[in-house]
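This report concerns only the one structure given below.
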There are 2 protein chains.
Amino acid sequence: MISLKTNFMDYFSSNFKLGILGGGQLGKMLLNDTRKFDIYTCVMDASKEAPCNIACNEFHLGDLMDYDAVYKFGKQVDVLTIEIENVNVAALEDLEKEGIKVFPSSKTLRAIQNKATQKLFYIDHNLPTAPFSRFAYTSEIKEAINHGGLNLPFVWKSAQFGYDGQGVKIVKSMEDLQGLPNVECITETLVPFKNELAVIVARNVSGETKAYPVVEMEFHPEANQVEYVICPARIPDEVAKKAKDIALKVSAAYNHVGLLAVEMFQTKEDDILINEVAPRPHNSGHHTIESSYTSQFEQHLRAILNLPLGRTDSKVGGIMVNLVGAEGFTGNVVYQNIEAIMHMDGVTPHIYGKKQTRPFRKMGHVTIVNEDLNKARRIAEEVKNTIKVIAK
Amino acid sequence: MISLKTNFMDYFSSNFKLGILGGGQLGKMLLNDTRKFDIYTCVMDASKEAPCNIACNEFHLGDLMDYDAVYKFGKQVDVLTIEIENVNVAALEDLEKEGIKVFPSSKTLRAIQNKATQKLFYIDHNLPTAPFSRFAYTSEIKEAINHGGLNLPFVWKSAQFGYDGQGVKIVKSMEDLQGLPNVECITETLVPFKNELAVIVARNVSGETKAYPVVEMEFHPEANQVEYVICPARIPDEVAKKAKDIALKVSAAYNHVGLLAVEMFQTKEDDILINEVAPRPHNSGHHTIESSYTSQFEQHLRAILNLPLGRTDSKVGGIMVNLVGAEGFTGNVVYQNIEAIMHMDGVTPHIYGKKQTRPFRKMGHVTIVNEDLNKARRIAEEVKNTIKVIAK
């Protein structure tokens with residue numbers, strides 16, 4: 001039996017403190033909702049320039065991978081959560097032993113942090129995922145190909161510290177292996193898919209569980225880069241049901257507390273394969289701020305504070321466009337034509353507050369909401385073609 | 001020609017500073033949206049405990065009615081706005097002369113701050129309002145009654161510093177005059193009305209104007225206290241149109257920049273009479289955070305920064321319930337049964353972060369959204385009957 005504070009009131013009428021590891025944009029958006037509920041917050045991040053530095057009650061400087069820093073920070077709070085997976089899990093384990101509530105738990109985090117462990121977890125729990133092989137070092141891959149144990153093409157993934165598409169490469173020839181870091185990694189069979197889908201599942205301490213509608217990541221036809229997150233996904237109901245059911249199974253298997261974003265592939269045969277998960281608010285849920293009855297950030301708070309979960313259905317259709325640094329620009333950020341997109345119907349820019357841009361850095365996102373999803377999609381394209389993140 | 005920054009980018013790529021006079025709940029909710037747009041903010045308030053003290057970039061301690069404090073604060077910012085009308089207007093005037101952009105302007109604020117001046121403004125501009133008399137001192141009222149120049153009953157209103165129903169009294173007999181402060185005041189004919197309505201009008205620096213849907217303030221049948229703000233108002237379309245048109249006329253007459261909340265009476269004959277206005281985000285617009293395409297706070301920012309205004313229509317029906325301190329309780333606040341209301345459909349509590357409650361103090365509000373307004377109204381009643389703001 002978890003001895004969490006027994007009711008909401010305790011979160012702000014006593015000396016309750018919520019700790020957040022990581023001070024980036026996810027933490028920043030989470031803080032908005034802590035303000036709404038007047039919850040006392042402490043944030044730790046390695047950079048003073050972190051977007052979370054304002055809007056939290058206490059900001060602590062510290063390296064998220066450093067045992068001592070995480071342990072010392074965690075000892076000062078009642079509930080500890082993360083906005084990034086790459087944190088020192090050993091410190092979390094010790095904090096748990098000493099009574100700090102850590103959500104997601106060190107166990108969940110450990111099972112997810114390493115992509116090889118994550119894939120084995122799916123196999124162990126009979127959850128559908130693409131076939132894969134595990135390697136202690138990238139250098140072993142060549143040998144496996146030469147001996148016929150592995151066939152080209154495949155997807156190479158670094159087992160650890162991958163984030164936002166970093167640490168992932170499609171390998172079509174031996175040459176593609178060159179330049180990859182020689183680290184623990186997996187290779188995954190390249191499954192041709194129709195759609196990349198995602199479902200965010202919320203689970204509170206008592207086990208109450210709710211899933212958000214299935215979203216679709218629409219890719220640029222040439223650049224192979226996610227351009228739009230579209231809610232709801234434009235897929236048949238039975239496929240959406242299948243994806244949601246699998247996401248709920250993954251959630252149950254992990255027994256996580258908080259949010260779990262489950263990214264999946266819809267194959268040509270309409271099978272669903274799990275790609276990967278993130279145990280926190282996620283890029284695929286940013287549209288919920290404007291389009292859902294409960295934003296993913298409020299929901300994460302409700303879940304980790306063991307409050308009743310909010311409605312996960314949508315008020316209106318929502319589309320999210322990431323604002324990433326344009327290629328060829330590094331330096332003081334300028335959001336070219338941002339005023340022009342604010343003229344458009346139902347468009348809200350979210351600027352994360354990072355002062356420096358560099359190619360592909362996530363600098364913000366734009367949400368487009370409309371009662372008519374097709375109209376929202378057209379406006380989203382206009383947004384994409386208008387705004388550009390450059391440097392001056 | 002106003003030499004405002006020419007585009008949105010300047011608001012965060014240069015040294016732009018937005019100043020907010022007042023650090024209460026309205027400022028706090030406004031700050032959420034400055035974070036979204038990454039706008040640098042400075043807040044001044046007389047209390048260190050003000051809800052705005054976190055989430056702004058700079059917090060300045062100072063008395064809002066003090067010329068020097070307001071002037072000195074204003075000199076440090078590029079655009080200055082308010083979250084409460086009771087500020088030193090002479091300082092604003094001088095700041096305007098020195099090139100600081102002040103929205104609402106000192107002129108608008110001066111015309112609104114004093115209720116007698118406000119009423120005269122409506123008469124001058126041929127805008128409908130209840131008949132009234134003006135008195136330099138409350139003590140002069142008795143004489144006017146005795147000489148037959150004024151008839152009982154009437155509404156007494158302090159000309160200055162009224163706020164949230166403070167400084168207003170219904171006078172039915174000579175005895176009711178006892179205990180009223182001997183200040184500049186007005187008396188208004190008591191007009192029997194069907195509904196109290198409000199419309200928030202947004203106007204940016206360039207003059208772009210948009211009105212939100214008409215809302216209805218539903219009163220408790222016995223306590224004569226606003227219980228629910230309901231959007232949209234449950235009134236015939238032609239009455240709603242009339243109310244909106246009058247609100248737009250008031251907005252045009254004031255030539256204000258930012259938001260203007262226009263409170264009105266719908267008489268038994270379906271005439272619309274202007275009650276009073278507030279040139280800032282307003283209690284009658286809190287539901288917009290959840291129910292509208294653009295929250296009133298984001299809209300206020302768009303208006304004063306001369307950005308394009310956002311959509312003012314609703315995604316879903318919205319109802320707002322104020323959380324005020326219960327009678328008989330003073331001290332450290334406790335939100336009794338807040339967890340119970342979070343179990344209800346589409347319910348979001350907003351806790352302002354004031355540590356001390358006292359009878360009728362505004363401590364927070366609750367928004368109820370639903371695609372079916374009648375269902376929202378039933379849930380709102382459940383909320384009202386469940387949560388209680390007490391002290392421990």
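Proteins get letters first, then strands, A, B, ... in listed order; numbering begins at 1 in each. All of these numbers come straight from a predicted model, not from anything done at the bench.
Taking B:Asn370, B:Leu309, B:Ile289, B:Leu31 one by one and counting their heavy-atom pairs under 4.5 Å with chain A, the maximum is reached by B:Asn370. Highest contact tally toward chain A, considering only B:Glu290, B:Met344, B:Glu208, is held by B:Glu290 [criterion: heavy-atom pairs under 4.5 Å].
Using a 4.5 Å cut-off between non-hydrogen atoms, the part of residues 49-57 of chain A that approaches chain B consists of A:Ile54, A:Ala55, A:Cys56, A:Asn57. Interface residues of residues 316-323 of chain B toward chain A, defined by a heavy-atom distance below 4.5 Å and sorted by number: B:Val316. Interface residues of residues 380-391 of chain A toward chain B, defined by a heavy-atom distance below 4.5 Å: none.
A distance of 5.0 Å separates CZ in A:Arg35 from NZ in B:Lys28, rounded to the nearest 0.5 Å. Rounded to the nearest 0.5 angstrom, B:Asn32 CG and A:Met29 CE are separated by 12.5 Å.
Two residues are said to be in side-chain contact when any heavy atoms from C-beta on lie closer than 4.5 Å; B:Lys355 and A:Asp38 meet this criterion.
Using a 4.5 Å cut-off between heavy atoms, B:Asp33 makes no contact with chain A at all.
Within the structure, salt bridge (charged side-chain N to carboxylate O under 4.0 Å, His left out) pairs that include any residue of residues 293-319 of chain A comprise A:Lys36-A:Glu298, A:Glu298-A:Arg302, A:Arg311-A:Asp313, A:Arg311-B:Asp345, A:Arg311-B:Glu371 (at least two apart or interchain).
More than 12 non-hydrogen atoms from other residues, nucleotides or ligands lie less than 6.0 angstrom from CZ of B:Arg377.
The nearest pair of heavy atoms linking A:Asn306 to B:Glu339 is O-OE2, 3.8 Å.
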